[in-house]
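Notes follow the structure.
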Amino acid sequence: MSAGPANVKPLFSAEEIATRVATLASEIAASEPKRLLAIIVLKGGFMFAADLVRELALNNVRLEIEFISLSSYGTRQRTSGEVRVVRDIEVEVAGRDVLIIDDVLDSGLTLKFARDLMLTRGARRAAIAVMVNKPAGRRAQIEADYVGFTCPDYFVVGYGMDAAHAWRELPFVGVFESTPGGAG
Ligand code: IMP
Ligand code: MG
C-alpha cells in the first residue's frame, strides 16, 4: 500500500477493500433482490457505493440509485441521537427492496432512522450495507446486513470517511490520529 498522510495509520488497504466489496456484492446478488433501490447515504457512503454498485452490475443485479442526506445533531465525532432528513430521495419505495449504503455503523442512530423511514414508507425489505462496523459504539438496536470490516472504536477516515471534512478521498481506510495540541 502507498504511504498515506502521517497522521492516518492504514488499517484496511485498497486491495483488501476491493476483495471484500466483491464478496459483499455476490452475497447481495444471492439474496435475489426485487426492484432494487440503492440508497446512498451522503456524504460518507459515496465511495463504497460507487464500488459496490459496479460489483453488483458484474453480478447482473439491476438497480436504481438514489441519494439521501441525513444529519444528526451533536459534536464533531459523536452524534446526539436526533436525526433529520436534510435531502430526501426522489422516488417511492413502497413494495421495493431497498439497500441503504453508508460508510460507518457506529451508534447506529443514523442507520436505524434511515431503515425505519424506508420501512414506514412501505419498502418490502430494507437491508443495510456499511464499509466499517464499530460495535463498541452502538446505542441503537441495529445491525447491518452486509459489513465490509469490523473494527474497534477507532476514528477511521478514508474511502469516503472524514475527520472534519478531510481524508474522504483516500483509497484505503485508516485510523485518524489527531496531533496532540494541534488542529484536526
Ligand atoms: P452513527 O453513530 O452510527 O449514527 O453514525 C453516524 C455517522 O457518523 C456515520 O455515518 C459517519 O458518517 C460518522 N462516523 C461515525 N464513526 C466514524 C468514524 O470513525 N469516522 C468517520 N465518520 C464516522
Ligand atoms: Mg455518514
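A quick note: this is a predicted structure, and the numbers were derived from the prediction, not measured. Only heavy atoms go into these numbers, but all of them, side chains included; no hydrogens, no water, no symmetry mates. Indexing begins at 1, ligand by ligand and atom by atom, following the structure's order.
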Ion pair check, Arg121 and Asp88, cut-off under 4.0 Å:
yes

Is it true that Glu143 and Arg138 have a side-chain N and a carboxylate O under 4.0 angstrom from each other?
yes

Please state which part of Phe176 comes within less than 4.0 Å of ligand 1, counting heavy atoms only: side chain, backbone, both or neither.
neither

Does Asp103 approach ligand 1 within less than 4.0 angstrom via side chain, backbone, both or neither, non-hydrogen atoms only?
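Asp103 to ligand 1: side-chain contact only, backbone stays beyond 4.0 Å.
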
[X] heavy atom under 4.0 Å from ligand 1:
X      : answer
Lys112 : no
Phe113 : no
Val157 : no
Asp162 : yes

Dump the intermediate steps for side chain to side chain contact (heavy atoms under 4.5 Å, CB included) on Met131 and Val156, then the final yes or no.
CA-CA 11 Å; Met131 185 74 265; Val156 289; over 6 Å; no

With heavy atoms of [X] as the reference, note each atom of ligand 1 found under 4.0 Å away.
X      : value
Thr110 : 1 (P), 4 (O), 5 (O), 6 (C)
Lys134 : 16 (N), 17 (C), 18 (C), 19 (O)
Ser107 : 1 (P), 2 (O), 3 (O), 4 (O)
Tyr154 : 19 (O)
Asp102 : 10 (O)

Quick check: are there more than 12 heavy atoms from other residues, nucleotides or ligands sitting under 6.0 Å from OH of Tyr154?
no

Supply the atom-to-atom distance Ile89 CD1 to Leu117 CG, rounded to the nearest 0.5 angstrom.
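Result: 7.5 Å between the selected atoms.
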
Out of Lys34, Arg35, Arg124, which one pairs with Asp97 under the side chain to side chain donor-acceptor pair (under 3.5 Å) rule?
Arg124

Can you check whether Gly108 has an N/O within less than 3.5 Å of an N/O in ligand 1?
yes

N or O contact, Val156 vs ligand 1, cut-off under 3.5 Å:
yes

Kindly determine whether Val8 and Trp167 satisfy side chain to side chain contact (heavy atoms under 4.5 Å, CB included), including the steps that lead there.
CA-CA 9 Å; Val8 180; Trp167 312 123; 4.1 Å; yes

Contact check, side chains of Val132 and Leu11, non-hydrogen atoms, under 4.5 Å
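Side-chain contact under 4.5 Å: no.
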
Side chain proximity check, Val93 to Leu119, heavy atoms < 4.5 angstrom
no

